[in-house]
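Reviewing the structure listed below.
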Amino acid sequence: NKRNIGMVFQNYAVFPHMTVRENVAFGLENRHLPKNEIKQRVDEILETVKITQYADRLPERLSGGQQQRVALARAIVIKPDVLLMDEPLSNLDAKLRIEMRNAIRQIQNSVGITTIYVTHDQEEAMAVSDRIAVINKGDIQQVGTPKDIYQRPANLFVATFIGRSNVLDGELRMENGKPVLHFHAGASITLDNVRAEECKNQPVKVSVRPEEFILDASTDATGLKATVDSSVFLGLNTHYFAHTDDGDKIEIIQESQIDSIIPDGTVVRLGVKTEKINVFDAEGKQNLLEGVRNDNAV
């Protein structure tokens, strides 16, 4: 409370006995600013967060999303040096969360305040952030852009925490001077992006995101053998759940076809988008591929 910090809480924490305008003006009044300046700044921020029409309402007459906009306006109006947001959307329903995260991104860009946003929702983190810090048990695992974190995670924890990922056992072997990845469940692929110092025979963990599989149900297909257990049609995409002969459970996401869904029990072959998969050491502590960026390691 001694520093110029704005805070947006998980449970809104708006004052129930004050109108929207009074809630937003609270921090400015505590700073003993002139009344005309308080009115001007409150009017500006109410317009920015699009709740001007609710200025004279009490919080009990507002929806959850509107109350969160009040909390956001109250935190921003004092022009803090940094804005802290603690799981600000966790009390909202799914549709409203998407609407509010887009609004927060737009508002944050328009006011230009450095913001630290805490969330367990990985999609939400990628949607609102310029840079993400992934933390495990108090230790920062990786810091980078959403694209860097998702496409080239620094270790297996980041790969499995941000988005969904299938983890398969494999072995890296040097064959004719090139690193070849052999999956324990069958199939092998040649990799051309393994870091030079890691080009050696070693056991590995392979992270393949569901959309990085190429599913082929034709009888002459090659690749990783799997059996479809079930499927879920979600409009644009169909999610298939399958298992390998080794018993590994696999999730596959494919663009939905107009004609049919692959029946349960069908034996399929899985190729992988080689440039997108990630390969880690046996303990999962480091990514063996080129292109991993980690601001935390600098």
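Given the structure is predicted, the values throughout are model-derived calculations rather than measurements.
For the residue pair Glu175 / His182, a side-chain donor-acceptor distance below 3.5 Å is found, with atom types taken as modelled. A donor-acceptor contact closer than 3.5 angstrom links the side chains of Gln66 and Tyr54. A donor-acceptor contact closer than 3.5 angstrom links the side chains of Ser207 and Ser165. Side-chain contact annotation: Glu124 with Thr119, donor-acceptor N/O pair under 3.5 Å present. Of the N and O atoms on the side chains of Asn287 and Arg152, not one donor lies less than 3.5 Å from an acceptor on the other residue. In summary, the side chains of Asp246 and Thr244 do not present any donor paired with an acceptor at a separation below 3.5 Å, with no hydrogens or angles considered.
Linking Ile, Leu, Val, Met, Phe, Trp and Tyr residues whenever their side-chain heavy atoms come within less than 4.5 Å places Met85 and Val111 in a single cluster. A continuous path of hydrophobic side-chain contacts links Leu62 to Val49 [ILVMFWY only; heavy atoms under 4.5 Å]. Tracing side-chain contacts under 4.5 Å through hydrophobic residues (I, L, V, M, F, W, Y), one never reaches Ile135 starting from Ile116; they form parts of separate clusters. Taking hydrophobic clusters as Ile, Leu, Val, Met, Phe, Trp and Tyr residues chained together by side-chain heavy-atom distances below 4.5 Å, Val20 shares a cluster with Ile38. Hydrophobic clustering (side-chain heavy atoms under 4.5 Å, transitive across Ile, Leu, Val, Met, Phe, Trp, Tyr) keeps Val208 apart from Ile253.
Looking at heavy atoms from C-beta onward, Gln254 lies out of side-chain contact with Asn237 at the 4.5 angstrom threshold. Within the 4.5 Å cutoff, no side-chain heavy atoms of Ile214 are placed close to those of Val272. Residues Asn166 and Phe213 are in side-chain contact: their nearest non-hydrogen atoms beyond the backbone lie under 4.5 Å apart. Side-chain contact check for Ile5 versus Asp81: every heavy-atom pair is 4.5 Å or farther apart. The shortest distance between side-chain heavy atoms of Asn201 and Leu172 does not fall below 4.5 Å.
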Under the salt bridge (charged side-chain N to carboxylate O under 4.0 Å, His left out) criterion, do Glu197 and Arg195 qualify, and how do the steps go? CA-CA 6 Å; Glu197 65 271 24; Arg195 288 187 281 118; 2.7 Å; yes

Given salt bridge (charged side-chain N to carboxylate O under 4.0 Å, His left out), test Lys205 with Asp281 step by step and report yes or no. CA-CA 6 Å; Lys205 296 282 187 183; Asp281 61 16; over 6 Å; no

Under the salt bridge (charged side-chain N to carboxylate O under 4.0 Å, His left out) rule, what do Asp121 and Arg101 come out as? Steps first, then yes or no, please. CA-CA 11 Å; Asp121 187 318; Arg101 81 186 186 199; 5.2 Å; no

Salt bridge (charged side-chain N to carboxylate O under 4.0 Å, His left out) assessment of Arg97 paired with Asp93: CA-CA 6 Å; Arg97 286 182 76 142; Asp93 63 54; over 6 Å; no

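Through side-chain heavy atoms spaced under 4.5 Å, either directly or across other Ile, Leu, Val, Met, Phe, Trp or Tyr residues, Phe157 is tied to Met126, Ile132, Val134, Ile149, Tyr150, Val158, Phe161, Ile162. Residue Phe241 shares its hydrophobic cluster (ILVMFWY side chains chained together at separations under 4.5 Å) with Val232, Leu234.
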Which atom pairs, one a donor and one an acceptor, fall under 3.5 Å between side chains of residues 9-18 and the rest of the protein, sequence neighbours left out?
residue: Gln10; atom: NE2; partner: Ser90; partner atom: OG; Å: 3.1

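Although no hydrogens or angles enter the test, the distance criterion places no donor-acceptor pair under 3.5 Å between the side chain of Asp229 and the main chain of Asp264.
Checked options Leu83, Ile45, Asn4; the residue passing with Ile78 is Asn4 (criterion: side chain to side chain contact (heavy atoms under 4.5 Å, CB included)).
Open room surrounds NZ on Lys50; 12 or fewer heavy atoms of other groups in view lie less than 6.0 Å from it. Taking a 6.0 Å sphere around CD of Glu123, one finds it holds 12 or fewer heavy atoms contributed by other residues, nucleotides or ligands. Atom CZ of Arg105 has more than 12 neighbouring heavy atoms from other residues, nucleotides or ligands inside a 6.0 Å radius.
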